[in-house]
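A quick write-up on the structure given underneath.
So that the names make sense, note that chain A is the first sequence line, chain B the second, and so on, each numbered from 1.
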Protein chains: 2
Amino acid sequence: MNKKELAPLIIGKLLNIGGMLQKKGNKLLLPFNLNQQQFSILFSIEQKKKVNQKNMINKLVLEKAHVSKVVKKLYNMGLIDIETSSEDKRSSWLSITKKGQDTLEKCKEYIEKWNEEWVSEIDKDQLYVLLDSLTNLQNIFKNQIENK
Amino acid sequence: MNKKELAPLIIGKLLNIGGMLQKKGNKLLLPFNLNQQQFSILFSIEQKKKVNQKNMINKLVLEKAHVSKVVKKLYNMGLIDIETSSEDKRSSWLSITKKGQDTLEKCKEYIEKWNEEWVSEIDKDQLYVLLDSLTNLQNIFKNQIENK
DNA sequence: ATTAATTAGTTTCCTTGTCAACTAATTAAT
DNA sequence: ATTAATTAGTTGACAAGGAAACTAATTAAT
């Protein structure tokens with residue numbers, strides 16, 4: 001097989017796997033009233049201590065309108081705080097609350113439990129190789145998509 | 001790094017890449033009034049000559065309500081034919097029309113053009129390795145998800 | 001200094017995708 | 001044979017996600 005034939009197979013599988021993971025994530029997080037995307041935004045707010053919406057849009061390749069809505073939802077659920085920035089009044093700093101922390105911890109437990117299941121079927125070396133290829137792909141796609 | 005740490009990194013990247021590809025696909029297919037999912041359903045109808053909705057739900061891991069609506073859309077666009085099955089009157093055979101064929105061909109051209117771009121940045125061996133790992137992952141996830 | 005351009009985030013409108021309840025056909029159980 | 005259970009697909013209600021137009025603040029250009 002040449003590259004031209006390999007490409008669509010890989011794209012197909014990536015799309016398929018991505019879809020399955022998204023659905024699985026949604027199901028896992030259902031008890032917390034969050035879906036996979038909302039979780040990833042919450043997670044990303046926890047990671048860096050001070051974030052605004054723009055940071056996350058860049059990092060997670062999300063639509064700004066979408067982020068805006070999720071941020072509002074997380075705030076209404078009491079999971080994050082919103083503090084208007086003094087440097088730039090257009091944007092505000094997002095930070096995770098105690099309740100948000102707790103929720104996140106519980107979510108992570110659920111996710112870890114599932115990870116242990118599937119990861120047990122693959123050996124460590126293959127995981128490393130896979131992580132490498134995915135990082136590579138991720139960068140390539142990110143560049144391609146950003147440049148137009 | 002142990003497996004426990006590798007797992008979430010891999011999942012994160014797969015979700016991120018999946019999201020980027022879906023968006024890219026939607027953008028590429030915009031001129032044809034199709035999105036990535038609708039394309040994949042149309043594509044899947046072309047592949048096997050006779051399919052019903054159930055076949056596709058299994059193969060593509062999609063919601064049956066969703067498939068039902070997409071099928072209706074494709075039919076309204078004149079891209080597929082629907083012929084009630086004589087063996088089982090609940091279901092019908094889906095087949096691609098001439099117009100559907102043509103559309104599909106054009107879509108594929110666009111997609112191929114894009115594939116050539118990104119694929120040029122990776123060497124063939126890595127593509128093979130990646131395809132292998134992805135196939136492996138795909139099967140693992142598919143089983144995990146199907147068994148509850 | 002004033003105007004123009006850019007940027008962060010919001011709102012509105014619309015399409016997509018999901019869930020649950022439903023219909024009608026088929027199969028299994030007694 | 002009749003009833004019960006299962007199955008293929010549809011429908012309606014609703015949440016999620018995206019595009020575009022918009023507001024208000026900031027920065028650049030003259």
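- Checking C:dT16, C:dT18, D:dG9 against the side-chain heavy atoms of B:Ser68 singles out D:dG9 as nearest.
- Distances were taken from every side-chain heavy atom of A:His66 (C-beta onward) to each of D:dG18, D:dA8, C:dA8; the shortest belongs to D:dG18.
- With hydrogens and angles ignored, the 3.5 Å screen pairs no side-chain donor or acceptor of B:Lys142 with any backbone N or O of B:Val61.
- Of the side-chain N and O atoms in B:Gln53, one or more sit less than 4.0 angstrom from OP1 or OP2 of D:dT10.
- Between the side chain of A:Lys69 and the base of D:dG18 there is at least one donor-acceptor pair of N/O atoms closer than 3.5 Å.
- Toward the 5' end of DNA chain D, the nearer of the two residues A:Lys73 and A:Ser86, judged by each one's closest nucleotide, is A:Lys73.
- For the pair A:Lys59 NZ and C:dA8 P, the interatomic distance rounds to 18 Å; values are reported in whole Å.
- Computed from coordinates, the A:Leu74 CG to D:dA15 P distance equals 16 Å when rounded to whole Å.
- Residues A:Arg90 and B:Lys64 each lie close to DNA chain D; by heavy-atom proximity, the contact nearer the 5' end of the strand is made by B:Lys64.
- Listed candidates were C:dG9, D:dA20, C:dA20. Nearest to the side chain of A:Ser91 is C:dG9.
- Taking atom NZ on A:Lys54 and atom P on C:dT10, their separation rounds to 15 Å, with Å as the unit.
- A ring-centre distance under 6.0 Å is found for B:Tyr110 and B:Phe32.
- Shown here, D:dT30 forms a base pair with C:dA1; the pair counts as Watson-Crick or G-U wobble because both key distances fall under 3.5 Å.
- A distance-only check finds no donor-acceptor pair linking the side chain of B:Asn136 to the backbone of B:Asn139 [under 3.5 Å].
- Across the protein-nucleic acid pair, A:Gln37 atom CD and C:dG17 atom P stand 13 Å apart, rounded to whole Å.
- Contact annotation for A:Glu87: backbone-only contact, meaning every heavy-atom pair under 4.0 Å involves sugar-phosphate atoms and none involves a base.
- Ring geometry for B:Trp114 versus B:Trp118: interplanar angle of 30 to 60°, hence tilted.
- Judged by Watson-Crick or G-U wobble contacts below 3.5 Å, the nucleotide C:dA20 has D:dT11 as its partner.
- The environment of B:Lys89 atom NZ is sparse: at most 12 non-hydrogen atoms of other residues, nucleotides or ligands sit within 6.0 angstrom.
- Using a 4.0 Å heavy-atom cutoff across all strands shown, A:Lys23 reaches sugar-phosphate atoms only and no base atom.
- A:Asn35 comes within contact range of the sugar-phosphate backbone alone, with a heavy-atom separation under 4.0 Å but no base atom that close.
- Rounded to an integer number of Å, the gap from CG of B:Asn76 to C1' of C:dT16 is 16 Å.
- The B:Lys89 side chain lies nearest to C:dA25 when the options are D:dA8, C:dA25, C:dC13.
- Taking every side-chain heavy atom of B:Lys72 into account, D:dT11 is the closest of C:dA25, D:dT11, D:dG18.
- In this structure, a donor-acceptor pair under 3.5 Å is absent between the side chains of B:Gln53 and B:Lys64.
- Note: CG (B:Asn52) to P (D:dT10) measures 11 Å, nearest angstrom.
- We find that CD1 of A:Ile41 is positioned 11 Å from C1' of D:dG17, with the value rounded to whole Å.
- The nearest whole Å value for the distance from the CD atom in A:Gln38 to the C1' atom in D:dA16 is 8 Å.
- Checking C:dC14 for Watson-Crick or G-U wobble geometry (two distances, each under 3.5 Å) identifies D:dG17 as its partner.
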